[in-house]
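Structure first, then comments.
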Amino acid sequence: MAWITAAAAVLTMLGGAPAGADGEWQKVGGDVRSGVSGLAYEGRTADGEGVHVLAVHDNKQSGQRRLSRITHWEGSDGISPITWDGPEPVDLEAIEAIPGMPGEYLALTGRGIVYRLKVTGSTAAVVDYSPLPGIGEGDDFESFALVARDGKLAALWADRGAGADRPATLYAAALSFAPWGQPQFGAVTRRAYLAAYPTGEGTRHISDISVTGSGRIIVSSAADAGDDGPFDSAVSDAGRVAVSAAGRVRVTLAAHPTVLGTFPRYKVEAVECLPGSADALLGTDDENLGGYVRTMPFCGA
């Protein structure tokens, strides 16, 4: 009961942010190999009522699925495998579409290797890969987001942190690509971040990042007590990011992050703001319990 009481206290303090309703989650995976560790928007369905997204899975053994396509409508989901063509990553945790480059994505592993992908139909071909810059001792990454402003690109990613003694470290840098396709990062800035909820010993302060069109930084945070749970998570408004005409990246984190929603019994590891909408698509990696998705209106101006 302690975590229920804590959740109520946080929501009261922050103005009654809505809690997630269990009935609105839609199951997309039934075991530890099919949870959703990250999501990237592909496009709308032909009828405009649903979305196609790519989902990464944190599998580690050769031959296990790394990537799937989810077609999400309220009340129904379709899932199909994507063939990985190239060096196999270990522990994919995030994926993001590259602005202005249709069909191209960056996917990130927990240890900080970035894979540039070209997705055609049901195949994802590895274009190139490289490590993140400035990796700190003990860093464990679960999040990645891209921001495009005036022809300039910037990347945000975070060490997830661990409990009260290790805040998340949010990194930001300008991003460009070498002529042969390799991601290249500019000077790196760092900011410490502590989740407002959850706050227990197993808290991962940042389990994913998305950025709205106006520059709001939306993050998920999650608590994991083991492969069978219990889990707990929240989505919060963490601050803002801006990219200048010269390509300089400025991150301002909120002194007191606003909790937008809490999700007891689920481990949210994916947040994707959907273009042209106030909705975020959330995905969970609930280990032995599989994975779920749902939308919530967290990405408005």
Side-chain angles (χ1 to χ4, degrees), residues 10-11 13-18 38-41 94-100 106 108 132-134 141-161 167-176 185-197 203-222 233-262 268-282 295-301:
V10 168
L11 296 184
M13 177 181 68
L14 295 172
L39 292 169
Y41 175 81
I95 186 168
E96 183 83 345
I98 303 174
L106 294 181
L108 177 67
L132 289 170
F141 302 106
E142 291 190 339
S143 55
F144 193 78
L146 296 176
V147 185
R149 296 287 187 275
D150 299 321
K152 306 294 183 180
L153 277 179
L156 279 70
W157 66 95
D159 163 54
R160 68 191 190 185
T169 300
L170 178 64
Y171 297 83
L175 173 68
S176 60
F185 298 88
V188 177
T189 62
R190 299 166 178 82
R191 301 285 188 275
Y193 177 84
L194 280 170
Y197 181 92
T203 297
R204 303 173 181 183
H205 298 282
I206 297 180
S207 60
D208 201 16
I209 303 169
S210 194
V211 178
T212 72
S214 64
R216 293 170 58 219
I217 302 172
I218 308 298
V219 307
S220 57
S221 307
S233 55
V235 175
S236 301
D237 190 327
R240 302 190 70 85
V241 60
V243 183
S244 74
R248 293 190 60 185
V249 187
R250 180 179 180 182
V251 171
T252 305
L253 292 182
H256 303 287
T258 300
V259 176
L260 303 174
T262 62
V268 176
E269 286 200 3
V271 180
E272 178 73 345
C273 288
L274 302 177
S277 168
D279 283 340
L281 185 63
L282 311 182
T295 55
M296 290 292 288
F298 292 157
C299 296

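The minimum heavy-atom distance linking Val251 with Arg191 is given by the pair O-NE, 3.5 Å. Contact record, Arg149 with Gly213: NH2-O, 3.1 Å, taken as the closest heavy-atom pair. The two residues Cys299 and Thr212 come nearest to each other via the heavy atoms O-CG2, 3.7 Å. Across all their heavy atoms, Tyr197 and Ser221 have their closest contact at O-CB, 3.7 Å. The two residues Ala173 and Val249 have their closest heavy-atom pair at C-CG2, 3.8 Å. Closest approach of Met296 and Leu282 over heavy atoms only: CG-CD1, 4.0 Å.
Here side-chain hydrogen bond (donor to acceptor under 3.5 Å, both in side chains) pairs that include residues 235-254, with residues two or more places apart or in two chains, are Arg216-Asp237.
Taken to the nearest 0.5 Å, the CG atom of Leu156 stands 10.5 Å off from the OG atom of Ser210. Going from atom CG of Leu170 over to atom CD1 of Ile209 covers 5.0 Å, rounded to the nearest 0.5 Å. Interatomic distance, CG of Leu281 versus CD of Glu272, reported as 7.5 Å (0.5 Å rounding).
Applying the side-chain hydrogen bond (donor to acceptor under 3.5 Å, both in side chains) rule to Thr295 yields the partners Glu74; only residues at least two apart in sequence or on another chain are considered. Under the rule for a salt bridge (charged side-chain N to carboxylate O under 4.0 Å, His left out), the partners of Glu142 that lie at least two apart in sequence or sit in another chain are Arg160, Arg204. Judged as a side-chain contact (heavy atoms from CB on, under 4.5 Å), and not counting sequence neighbours, the contacts of Pro99 are Leu146, Ala148, Leu153. In this view, Tyr171 and Trp157 satisfy the ring pair (Phe, Tyr, Trp, His ring centres under 6.0 Å) rule, not counting sequence neighbours. Among residues two or more places apart in sequence or in another chain, the side-chain contact (heavy atoms from CB on, under 4.5 Å) test is passed with Ser277 by Arg44, Leu274, Asp279. Applying the side-chain contact (heavy atoms from CB on, under 4.5 Å) criterion to Ala168, with sequence neighbours excluded, gives Tyr193, His205, Ile206. Checked against side-chain hydrogen bond (donor to acceptor under 3.5 Å, both in side chains), Ser207 has the following partners two or more places apart in sequence or in another chain: Ser220. Applying the side-chain hydrogen bond (donor to acceptor under 3.5 Å, both in side chains) test to Ser143 and every residue at least two apart in sequence or in another chain returns nothing. Ala270 is linked by a side-chain contact (heavy atoms from CB on, under 4.5 Å) to Val36, Leu39, Asp208, counting only residues two or more places apart in sequence or in another chain.
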Check: What's the verdict on side-chain contact (heavy atoms from CB on, under 4.5 Å) for Val188 and Leu132, showing C-alpha distance, side-chain angles and the deciding distance?
Finding: CA-CA 10 Å; Val188 177; Leu132 289 170; over 6 Å; no
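A side-chain contact (heavy atoms from CB on, under 4.5 Å) with Val235 holds for exactly one of Thr258, Ile218, Val219; it is Ile218.
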